[in-house]
Structure formats: C-alpha cells, structure tokens
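Quantities reported herein were computed from a predicted structural model and do not represent experimental measurements.
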Amino acid sequence: MGDMTASAVLMMLPRRAHTPVAVLVEGAVPSSLRLDVFGGRELFVRMRRGVAIHGLAEPYREQPRDDIPAESEPALIVTSDRYAHARFAYSASVFGASDIIVLVPLDEDGEASARIRVPVPSLDRPSWHEYELVSRTRMECRYRIPDLGDADPGGGSHALSAR
C-alpha cells in the first residue's frame, strides 16, 4: 500500500446511473475511457481539449457505441479488478457532490493506496487535499482527512473551509 498523488479527477454521469462517477488518475488525462464496472461497458470521451488544469475536474460525456469504430480502443479501461470504489469525507467540497462514486486505482498487488492526494483549484500554486485510508472491505474503501480525526468518511456536504 503506497501513496498516490492524483493528477486529475475525471467526472462523468453514466446514463444508467443516478449519481456522478469520478475516476482518480495519475499521469496524463486520457482522451477516452471505458467503465467496465456496475455490470456495463460505457464509453466516455473527454469534453475539453488541451492540457489538464490543476484542480479542475475533467468532464467526460458518454458516447453511443455506434459512434465509435469497433477497432478503436479507449485510452483508459476502468475495471473492478484494477480500481476500487471509495468514499471520501467531505466529498462535496472536493468532487462537487456528496453522493458520488469515486474509483481509485489499485496497486500491482491489488491494494488501495494508504494515502491519496486529490488536486484542488488554487490561485497561488498547485494544491491538494490529503486523505488517509480508514478501512477497506470487499465492496469499498473509506478515506478521511488525517488531521480531522474521526470525520465521517461517508461523504457529505460539509465544506472543508468550515473546519
């Protein structure tokens, strides 16, 4: 279990879902991705062009399968054996929604990161919110902000700036 510094938060709303989905990534922002989770195989394409802007969520829109050539592979494939469902304390402040599904990458041993840094907008210099793993079950990981102790990692709309 190592540490992860996410370079971007990819945001999407699958047609079959009622809640937004976020995927944390390290490295370059992919032009497209396929979600092979929740019993489906939804394809998404990035809505913006150019380089990623630190701390701003990258929006993706779902593409009908007929609009993508069969030989075209998405730049990132998100599967349940390489990504874990996670809940983050104060998710509304970081991801823009309190009821959000966040998928975090697993390491080569299938373990979730012990600490995750999520990029947030900042006018001065790049900034991150830091989280630590509280628990992991077969279904999900729970993360909290280390200096807030027992803050509820179930998500929520509390603002981080209010602490």
Side-chain angles (χ1 to χ4, degrees), residues 1-14 17 19-35 37 42-62 74-80 82-136 140-163:
M1 262 192 313
D3 294 351
M4 176 200 182
T5 298
S7 61
V9 177
L10 315 181
M11 296 292 295
M12 60 220 71
L13 181 60
T19 58
V21 174
V23 177
L24 299 182
V25 295
E26 294 177 288
V29 175
S31 59
S32 61
L33 68 95
R34 186 176 79 209
L35 285 180
V37 291
E42 292 91 5
L43 297 166
F44 295 86
V45 294
R46 186 174 175 212
M47 294 175 66
R48 291 185 336 98
R49 295 193 190 281
V51 296
I53 299 172
H54 182 88
L56 293 182
E58 286 293 331
Y60 284 73
R61 66 176 151 69
E62 192 166 354
L76 175 67
I77 299 175
V78 178
T79 61
S80 56
R82 295 190 318 194
Y83 285 80
H85 174 242
R87 292 201 177 270
F88 286 80
Y90 303 101
S91 60
S93 293
V94 178
F95 301 106
S98 58
D99 186 22
I100 187 167
I101 297 167
V102 182
L103 298 168
V104 298
L106 300 174
D107 66 15
E108 54 276 346
D109 298 324
E111 296 294 324
S113 296
R115 292 183 158 298
I116 293 180
R117 296 175 69 203
V118 178
V120 293
S122 174
L123 295 174
D124 296 330
R125 56 183 161 60
S127 185
W128 289 265
H129 281 306
E130 296 194 23
Y131 288 91
E132 68 182 1
L133 183 64
V134 176
S135 67
R136 176 156 189 218
E140 72 180 12
C141 301
R142 291 182 165 265
Y143 287 90
R144 71 176 181 193
I145 298 168
D147 58 345
L148 291 183
D150 294 327
D152 176 26
S157 58
H158 302 290
L160 283 172
S161 60
R163 48 181 182 139

Hey, does I77 have a side-chain heavy atom less than 4.5 Å from the side chain of T79? yes
Distance, nearest 0.5 Å, that separates CG of L103 from CG of L35: 6.5 Å
At what distance, to the nearest 0.5 angstrom, does CE of M12 lie from CD1 of I101? 11.0 Å
Result for side chain to side chain contact (heavy atoms under 4.5 Å, CB included) between Y60 and one of P14, S31, S32, P30 points to P30
Taking the side chain as everything from C-beta on, heavy atoms only, tell me whether Y83 gets closer than 4.5 Å to V23. yes
Please answer whether the main-chain N or O of V25 pairs with a side-chain N or O of S7 as donor and acceptor at a distance below 3.5 Å. yes
Where V94 and Y131 come nearest, the two heavy atoms and their spacing: CG2-OH, 3.1 Å
Nearest heavy-atom approach of V104 to A86 is CG1-CB, 4.0 Å
Are the side chain of R87 and the backbone of S91 linked by a donor-acceptor contact shorter than 3.5 Å? no
Could you give the distance from OG1 (T5) to CZ (R117), rounded to the nearest 0.5 Å? 4.5 Å
Got a donor-acceptor contact below 3.5 angstrom from the S135 side chain to the C141 backbone? no
Nearest 0.5 Å, what's the CZ-CG distance between R144 and L133? 10.0 Å
Do the side chains of I116 and E130 get nearer than 4.5 Å, heavy atoms only? no
Using a 4.5 Å cut-off on heavy atoms from C-beta on, say whether the side chain of F95 contacts that of V102. yes
Do V45 and R61 come close enough that some side-chain heavy atom pair is under 4.5 Å? yes
Whether E42 and R34 form a salt bridge (side-chain N of Lys/Arg under 4.0 Å from carboxylate O of Asp/Glu) is what I want to check. no
Closest contact, heavy atoms only, M4 versus P105: CE-CG, 3.5 Å
With a 4.5 Å limit on heavy-atom distance, are the side chains of L24 and V118 in contact? yes
Is there a side-chain contact between L10 and V78 (heavy atoms, below 4.5 Å)? no
Short question: side chain of D109, backbone of E111 - any donor-acceptor pair under 3.5 Å? no
Once the angle between the rings of Y143 and F88 is folded into 0 to 90°, is it parallel (under 30°), tilted (30 to 60°) or perpendicular (over 60°)? parallel
Nearest 0.5 Å, please: how far is NE2 in H54 from CZ in R125? 10.0 Å
Starting at CD of E62, measure out to CG of L43 and round the result to the nearest 0.5 Å. 8.0 Å
Can a donor-acceptor pair be found, under 3.5 Å and without considering hydrogens, that links the side chain of R136 to the backbone of A84? no
